[in-house]
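Working notes for the structure below.
On a predicted model such as this, the values are computed, not experimentally measured, just so you know. Side-chain atoms are counted along with the backbone in the values below, which use heavy atoms only and exclude waters and symmetry mates. Order of listing sets the numbers, starting from 1, for every ligand and every atom in it.
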Amino acid sequence: MSEAVTRAASQRPSLLTSLGPPLREWLPRQRWFAGKGRPVTGLSLVSATDLLPPGGTPRLIHLLVRAHQPDSPARGAVSHPGDCYQLLIGVREVLPPRLAPALIGRPEKGPLAGRTVYEALYDPRAAAVLLKAIRTRARVGRLRFEGDGHQRIRGGLVPRRLTSEQSNSSVIYGDTFILKLLRRIVPGINPDLELPLVLSREGCPRVPAPTGWLRADLDGVDDPYILAVLQPYVRGATDGWELALRELAKSEDFTAEARALGRATAEVHRALAHTLPTVTMGHAQIRALADGMARRLEAAAQAVPALQPYAPALHSVFEELTAFAAEGRAWTAQRIHGDLHLGQCLRSPSGEWSLIDFEGEPSKSLAERRMPQPTVRDVAGMLRSFDYAAHSAVPPAPEWATACRAAFCSGYTVSAGRDPRTDPVLLRAYETDKAVYEVLYEARHRPDWLPVPMAAIRRLSAGVTH
Ligand SMILES: Nc1ncnc2c1ncn2[C@@H]1O[C@H](COP(=O)(O)OP(=O)(O)O)[C@@H](O)[C@H]1O
Ligand SMILES: O=P(O)(O)O[C@H]1O[C@H](CO)[C@@H](O[C@H]2O[C@H](CO)[C@@H](O)[C@H](O)[C@H]2O)[C@H](O)[C@H]1O
């Protein structure tokens, strides 16, 4: 890999003459494509970097492309430049049968006319290039493969693509490391690298410490783009969602695990508060928080009419928060996980819990995701998740959720020295906000699951908080 190779690729916007037509079809079909429901009307090249020489087979091109789409109503009349996506494109004459699911298309025009282009993460040869680049701290054009000096990466680790549902795309190397290639890219420090780095440097054992990462410094943009994060793979781990469902199916008690999860969450919060700034949220900030919750409720009720009968009672939850703040109550805010649920917790075979995926809610801006927030927000996310598991069981097991929720809070209290239930108004507001978000999420993505958050909406609007 050489700078010369990279420049050659990036100076060739005609690559899109070849790749544009197949990519316009292929992109909207990807799970991680954020602009679903609107056609891709054009693509523009942000950067192109050859990671394997253009003359060889396969050819491997790292691409950042902007997808232009007609504005969605949600974006209002404001013109939007289009989301930027990271792609790893393989090019071969003919695709071997094992790579058939990776096919993107056969360009008809431009420099790649007549060749086959495919999603290169399926190709172990291509995936191996990424790990080697991190191991050797390669610099290829504007791409910087960097790493944490303390962790050694040995050669010869065989890559395989992670096949489970996810928002980005990951490759596992020899059950030793996992590389997450972020798909929708925005400039700035990504919390999915920032927070695990801070936590591991703080000695917090509750996150797999980042081993390496990929960043790009692009012309005309002050902030770096964080493109991928490599971390140790927790071998044989089960995620909390899977484990909870398994125990529920056997009518097994899950409170010991819920308590351990509460402790792990509090440990992460403590370490983050120790290293990163904390701020006090006074009346104005709490009011703004409650107003945001009320606006999201309005938007969700417009989109999902089933919410409408409950809207007045749910609004009063947020009004109570504003009233409480007006009495002079203040809360401490700090960096938190931001999107915590059972699926973001991994239990190792020895029973240790780690938290993963610190990216925050992908629909929010990076600035919002990096803002200090009350820790109760993460607690509310977990409480919702126990409720989710219990209500997706057949038959639903609400008493299982009640026990787990109480155990999580008591585990949290042991480690944090503060019981999140002593903030009932804020906790209920965050839980309500999350349930409203879930109603919208399920209506859009998994309509069969809508009854699960709707059960919580009924409970919360009736003032039942356990
Ligand atoms: N360090 C790890 N060790 C083992 N498995 C992991 C690790 N990190 C992630 N995973 C697995 O990969 C899946 C996707 O990871 P995640 O960070 O949630 O990606 P995404 O943001 O794309 O949804 C997780 O649900 C988990 O099963
Ligand atoms: O996985 P992401 O971090 O992208 O989060 C989105 O998808 C989640 C589902 O995969 C969704 O979580 C909801 O369902 C979970 C069970 O599948 C449950 O554990 C969570 O508590 C519930 O919120 C999440 O809301 C959504 O943002």
* Glu25, CD: over 12 other non-hydrogen atoms inside 6.0 angstrom -> no
* To do: Find all atoms of ligand 2 within a distance of less than 4.0 Å from any non-hydrogen atom belonging to Lys434, and give their numbers and elements.
  => 23 (O), 25 (O)
* Asked: Taking the non-hydrogen atoms of Gly343, is any one of them nearer than 4.0 angstrom to ligand 2?
  -> no
* Over 60° means perpendicular and under 30° means parallel, so classify the ring planes of His269 and Tyr412, tilted if in between. => perpendicular
* Step-by-step side chain to side chain contact (heavy atoms under 4.5 Å, CB included) determination, Thr432 to Tyr310 -> CA-CA 11 Å; Thr432 305; Tyr310 305 98; over 6 Å; no
* Residue and atom name of the nearest protein heavy atom (relative to atom 2 (P) of ligand 2), distance in Å to one decimal -> His341 NE2, 3.9 Å
* Asked: Looking only at N/O atoms, are Pro232 and ligand 1 under 3.5 Å apart anywhere?
  -> yes
* Asked: With respect to atom 20 (P) of ligand 1, which of Ser170, Ser164, Ser167 exhibits the smallest heavy-atom separation?
  -> Ser167
* Only one of Glu352, Glu242, Glu257 clears salt bridge (Lys or Arg N to Asp or Glu O under 4.0 Å) with Arg347; which? -> Glu257
* Identity and separation of the nearest protein heavy atom to atom 14 (O) of ligand 2 -> Arg446 NH2, 3.1 Å
* To do: For atom 2 (C) of ligand 1, state which one of Leu346, Leu230, Asp357 supplies the nearest heavy atom.
  => Leu346
* Check whether any N or O atom of Pro208, backbone or side chain, sits under 3.5 Å from an N or O atom of ligand 1, and answer yes or no. => no
* Carboxylate-amine/guanidinium contact Lys180 Asp357, below 4.0 Å -> yes
* Asked: Judged by non-hydrogen atoms, does Glu165 sit under 4.0 Å from ligand 1?
  -> no
* **Residue Gln166 vicinity, atoms of ligand 1 by number, heavy atom under 4.0 Å** => 14 (C), 19 (O), 20 (P), 22 (O), 23 (O)
* To do: Say whether Gln344, considering both its backbone and side-chain N or O atoms, lies within less than 3.5 Å of an N or O atom on ligand 2.
  => yes
* Asked: Backbone, side chain, both or neither: what part of Arg31 comes under 4.0 angstrom of ligand 2, heavy atoms only?
  -> neither
* For the residue pair Phe318 and His315, does the interplanar ring angle fall in the parallel (under 30°), tilted (30 to 60°) or perpendicular (over 60°) class? -> perpendicular
* Asked: Do any heavy atoms of Glu165 fall under 4.0 Å from ligand 2?
  -> no
* Would a line drawn from the ring center of His341 to the ring center of Tyr388 be shorter than 6.0 Å? -> no
* Considering only heavy atoms of Ser167, which atoms of ligand 2 have at least one such atom less than 4.0 Å away? -> 4 (O)
* Donor-acceptor side-chain pairing of Ser415 and Arg270 below 3.5 angstrom -> yes
* Minimum-distance protein heavy atom relative to atom 21 (O) of ligand 2 -> Ser385 OG, 3.0 Å
* **Heavy atom of the protein closest to atom 7 (O) of ligand 2 (residue, atom name, distance)** => Tyr441 OH, 3.0 Å
* To do: Report yes or no: do His274 and Glu202 form a side-chain donor-acceptor pair below 3.5 Å?
  => yes
* Contact check, Ser169 vs ligand 1, heavy-atom distance below 4.0 Å -> no
* Polar proximity ligand 2 side, Arg384 side, N/O cut 3.5 Å exclusive -> no
* Asked: Just distances here: any N/O of Tyr233 and N/O of ligand 1 closer than 3.5 Å?
  -> no
* Tell me, please: is Met382 in heavy-atom contact with ligand 2, that is, under 4.0 Å? => no
* Contacting atoms of ligand 2, where contact means under 4.0 angstrom from a heavy atom of Asp339 -> 3 (O)
* To do: Show your working on ring pair (Phe, Tyr, Trp, His ring centres under 6.0 Å) between Tyr85 and Trp32 and close with a plain yes or no.
  => CA-CA 9 Å; Tyr85 292 96; Trp32 39 262; 5.8 Å; yes
* Dump the intermediate steps for salt bridge (charged side-chain N to carboxylate O under 4.0 Å, His left out) on Asp419 and Arg421, then the final yes or no. => CA-CA 5 Å; Asp419 190 335; Arg421 289 165 293 192; 3.1 Å; yes
* Structure fact -> Shortest non-hydrogen pair, Pro208 vs Ser354, comes out as CD-CB, 4.1 Å
* **Side-chain donor-acceptor pair present, Arg183, Ser169, cut-off under 3.5 Å** => yes
* To do: Within a distance under 4.0 Å of any heavy atom of Glu438, pick out the atoms of ligand 2 and give their elements.
  => 21 (O), 22 (C), 23 (O)
* Asp83 pairs by salt bridge (Lys or Arg N to Asp or Glu O under 4.0 Å) with which of Arg38, Arg184, Lys36? -> Arg184
* Would you call Arg161-Glu119 a salt bridge at under 4.0 Å N-O? -> no
* Consider ligand 2: state whether an atom of it lies below 4.0 angstrom from any non-hydrogen atom of His445. => no
* Minimum-distance protein heavy atom relative to atom 1 (N) of ligand 1 -> Gln231 OE1, 2.8 Å
* **Identity and separation of the nearest protein heavy atom to atom 27 (O) of ligand 2** => Tyr437 OH, 2.5 Å
